[in-house]
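As the structure is a computational prediction, the values presented were derived from the model and not from experiment. Within every chain, numbering begins at 1; the chains are lettered A, B, ... in the order of the sequence lines, protein sequences first and strands thereafter.
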Amino acid sequence: MTARIERPISPHLQTYRVTLTMALSVIHRATGIALYFGTLLLAWWLIAAASGPGAYANVQAFTGSIIGKLIVFGYTWALLHHLVSGIRYFFWDLGYGFKANEREALTWGALIAGISLTVLVWIIAYTVGGGR
Amino acid sequence: MSRPSSMRTPLGRVRYLGSSHSGTTDFWRQRLTAVAMTLLIVPVIVIVLMLIGRNQAGAAQILGSLPIAIILVLFIIASAWHMKIGMQIIIEDYVHNETVKLVSVMANNFFCIAVALASIYAIVKLSSGV
C-alpha cells in the first residue's frame, strides 16, 4: 500500500488581487453554472412541446411571467456572455492576446459584446413576437 | 549519480506511476464542444426566435422539421458534454472530501446524461409526429 500523497491544491479566490481578467474568469464559471441548471428550463420546454398544448401553455405562462422573463433574460445574457468570453479563451489557447493591453481589450470586448448581443436578441425577440 | 534523463521523479519511478497519456482528453473535448457550439449558436438562436409567440402546434411543427431537429440535437449533445466537463472541473477544484467528490462527480454525470437524453427524446418524438 502506498501512503496517500497530500498534493498541493490550487489557491482559492481570496488569494488573488481582484483584476478585470480575474473577475471575468469568475463570471465565466458563474455563468457556466447558471447555464448548467438552466438546461432544466430548456428540457422542460422541449418536453412540453412534445407532450401537448396543456403542458406547452404551462411553460408559456411561466416564461411570460415577470420572474420567468427575468430568468430567460438572465439566461440569454449568461449564454451569450459565456460564448464571447469563451471565444476569448480560444485566442489564449492559440497563444495570442497575452500582452497586458490585449488581455484587457479582449476582456472588455467580451463584457461589452455579451451585453450588446443580449439586448440585440431581445430587441429582435420583441420585434418578431412581441416578447415571450 | 547520473544526470536525470526524464521528468519523472525518483519516487514516481519506484512506484511505477507515470503519465497515463490521457491528461488532456477533457481539455480537448471541452474545446471541441465549445467550437461546435460556437458554430451552432446562430442557427439555434434563430430557431428559438422563430418559436416566439407560437402555440404548441406551431412550435411542434417547427421543432419537428428535419434540419431544425438535427441542429438542436447536435447542440444538445455538445452542450451536455461541455457542461459535464465544466462542472467536473469545478467539483474537483473545490470539493476536497473524497466521498463528497465521488458522489458529486457521479451526480454530475447523471444530471447531464438525463437532461441530454430527455431533450433528445422530446425532439425525436416531435420529429416522428407521434
Is it the case that atom [atom1] in [X] sees more than 12 heavy atoms from other parts of the structure closer than 6.0 Å?
X        : atom1 : result
A:Tyr16  : OH    : yes
A:Ile67  : CD1   : no
A:Trp108 : CH2   : no
A:Phe98  : CZ    : yes
B:Gln61  : CD    : no

Discussion item. Under the criterion side-chain contact (heavy atoms from CB on, under 4.5 Å), I'd like the reasoning laid out for A:Leu80 against B:Ile45: C-alpha separation, chi angles, the key distance, then a yes or no.
Written reply: CA-CA 10 Å; A:Leu80 292 170; B:Ile45 289 175; 3.8 Å; yes
Which distance, rounded to the nearest 0.5 Å, do you find between the [atom1] of [X] and the [atom2] of [Y]?
X        : Y       : atom1 : atom2 : value
B:Lys125 : A:Ser51 : NZ    : OG    : 5.5 Å
A:Phe37  : B:Met87 : CZ    : CE    : 4.5 Å
A:Phe90  : B:Arg31 : CZ    : CZ    : 8.0 Å
A:Tyr126 : B:Leu49 : OH    : CG    : 13.0 Å
A:Tyr36  : B:Ser79 : OH    : OG    : 12.0 Å

What is the minimum heavy-atom distance between [X] and [Y], and which atoms define it?
X        : Y       : value
A:Ala48  : B:Gln56 : O-CG, 4.4 Å
B:Ile76  : A:Leu46 : CD1-CD1, 4.0 Å
B:Ala122 : A:Ala50 : O-CB, 3.6 Å
B:Phe111 : A:Thr39 : CE2-OG1, 3.8 Å

Worksheet item: chain A: which of B:Arg54, B:Met50, B:Met37, B:Lys84 shares the most heavy-atom pairs with it under 4.5 Å?
Response: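 Top count of heavy-atom pairs under 4.5 Å with chain A: B:Arg54.
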Is it the side chain or the backbone of [X] that comes within 4.5 Å of chain A heavy atoms, both, or neither?
X       : value
B:Asp93 : side chain
B:Ile90 : both
B:Tyr94 : side chain

Worksheet entry | Heavy-atom side-chain proximity of A:Leu79 to B:Ile41 below 4.5 angstrom |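 In contact.
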Discussion item. Applying side-chain contact (heavy atoms from CB on, under 4.5 Å) to B:His82 and A:Leu35, what does each step give before you reach the verdict?
Written reply: CA-CA 11 Å; B:His82 190 83; A:Leu35 292 167; over 6 Å; no
Practice prompt. Could you tell me which portion of A:Leu83 (side chain, backbone, both or neither) has an atom closer than 4.5 angstrom to a non-hydrogen atom of chain B?
Written response: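 Contact with chain B is through the side chain of A:Leu83 alone.
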Practice prompt. Sort A:Trp45 into side chain, backbone, both or neither according to what part of it lies under 4.5 angstrom from a heavy atom of chain B.
Written response: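 Answer is side chain: those atoms of A:Trp45 sit under 4.5 Å from chain B.
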